[in-house]
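Worksheet for the structure shown next.
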Amino acid sequence: MKRTFLIAGNWKMNAGPSEASKIATELVAAWEGKSFQAEALICPPFVSIPAVAAAFGNSAFKTGAQNVHTEDNGAFTGEVSTDMLKETGCEYVIVGHSERREYFHESSDLVAEKAKKVINDGLKAIVCVGEVLSERKAGTYKEVVKEQMNAVLNTLSGDVSDQFVVAYEPVWAIGTGETATPEQAQDMHQYIRTLLNEHFGSEVAEKIRILYGGSMKPDNAADLLSRPDVDGGLIGGASLKADSFSEILSAAESI
Ligand code: 13P
């Protein structure tokens, strides 16, 4: 069964409102009069979400956020809640990106709490997992991903397939130009599918999308996306230009 692709851009700390609006407008223009089967999503910085949502208008492009807090409101300086994100038109939230785990010390338990909050509040969580280079080299990469996955799975039950997306992002492939080979990606995605199976049973596990992230580009997207357990991409650098993001979306459409 081929799942509906999710082609998601993570703009990280790039593109303030005016630049964001420009890229989003170019994306809509590039697909004017054409439709696509995949879901296409852009996750800009918080302050640029309204500009991107406005530029997308009622096109098929969706907006999401890169992070969220676990509380609804209160004295949490610098944080943003699920309700605030919903109000700006977000449908998805990335949680547990490796940059948040590394630079902001987010533990697997906190990531799990955020994922649960996002899902309970009716948004869709894109939960990132992935090993660093030393873990890949030491051969412990599956254990690392299992620990990250289990923390999240322990907070989820029932059919969450519409609201729960996993993104496998090997840290050594992020922003480095080095991509996991399609075989390495499929191998880990298949392993993640096994973990989903054990937790949810096959009916739900088969519907959950597993994205690949880490130097996905127009020239390697089709090869990665054609693997049976690669259900989309979480794209950093190449999502910051309307042309390259569109080419990756086209690659998905060609499969
Ligand atoms: P790059 O595509 O720039 O490697 O970034 C991947 C990523 O971290 C997406 O979340």
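Remember, it's 1-based here, ligands and their atoms both numbered in the order they're listed.
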Next item on the list: Could you tell me if any non-hydrogen atom of Gly214 lies under 4.0 Å from any atom of ligand 1?
Entry: yes
Margin query: With a cutoff of 4.0 Å, is Cys128 in contact with ligand 1, counting heavy atoms of the residue only?
Written below: no
Note to self: Let's go through Thr179 and Asn220 carefully: what are the C-alpha distance in whole Å and the side-chain angles of both, what is the deciding distance for side chain to side chain donor-acceptor pair (under 3.5 Å) to 0.1 Å, and is it a yes or a no?
What the structure shows: CA-CA 8 Å; Thr179 320; Asn220 60 26; 3.1 Å; yes
Margin query: Closer than 4.0 Å to some heavy atom of Ser215 - which atoms of ligand 1 meet that?
Written below: 1 (P), 2 (O), 4 (O)
Checklist line | Contact partition for Ala238 relative to ligand 1, non-hydrogen atoms under 4.0 Å | finding: neither
Note to self: Closer than 4.0 angstrom, basic N to acidic O: yes or no for Arg193 and Asp231?
What the structure shows: yes
Notebook entry, point to check: Is the closest heavy atom of Lys12 to ligand 1 under 4.0 Å?
Noted result: yes
Next item on the list: Looking only at protein heavy atoms, identify the closest one to atom 7 (C) of ligand 1 and say how far it is in Å.
Entry: Glu169 OE2, 3.2 Å
Notebook entry, point to check: In the protein, what heavy atom is nearest to atom 2 (O) of ligand 1, and what distance, to one decimal place, separates them?
Noted result: Gly236 N, 2.9 Å
Checklist line | Check ion pair Arg227-Asp187 (N to O, under 4.0 angstrom) | finding: no
Check: Are Asp162 and Arg209 close enough for a salt bridge, meaning some N to O gap below 4.0 Å?
Finding: no
Margin query: With no hydrogens and no angle check, just 3.5 Å: does a side-chain donor-acceptor pair link Gln186 and Asp229?
Written below: yes
Next item on the list: Using a 4.0 Å heavy-atom cut-off, say whether Asn10 meets ligand 1 through its side chain, its backbone, both or neither.
Entry: side chain
Margin query: Is there a polar contact between ligand 1 and Gly175, counting only N or O atoms under 3.5 Å apart?
Written below: yes
Item checked: Residue pairs involving residues 78-137 (criterion ring-ring contact (aromatic ring centres under 6.0 Å, His included); sequence neighbours excluded) -> none
Next item on the list: Tell me, please, which residues at least two apart from Phe56 pass ring pair (Phe, Tyr, Trp, His ring centres under 6.0 Å).
Entry: Phe61
Notebook entry, point to check: In terms of residue, atom name and distance, what is the protein heavy atom nearest to atom 3 (O) of ligand 1?
Noted result: Gly237 N, 2.8 Å
Notebook entry, point to check: Which one of Glu113, Gln148, Arg101 satisfies the side-chain hydrogen bond (donor to acceptor under 3.5 Å, both in side chains) criterion with Ser108?
Noted result: Arg101
Check: What are the atoms of ligand 1, with element, lying closer than 4.0 Å to any heavy atom of Ala173?
Finding: 4 (O)
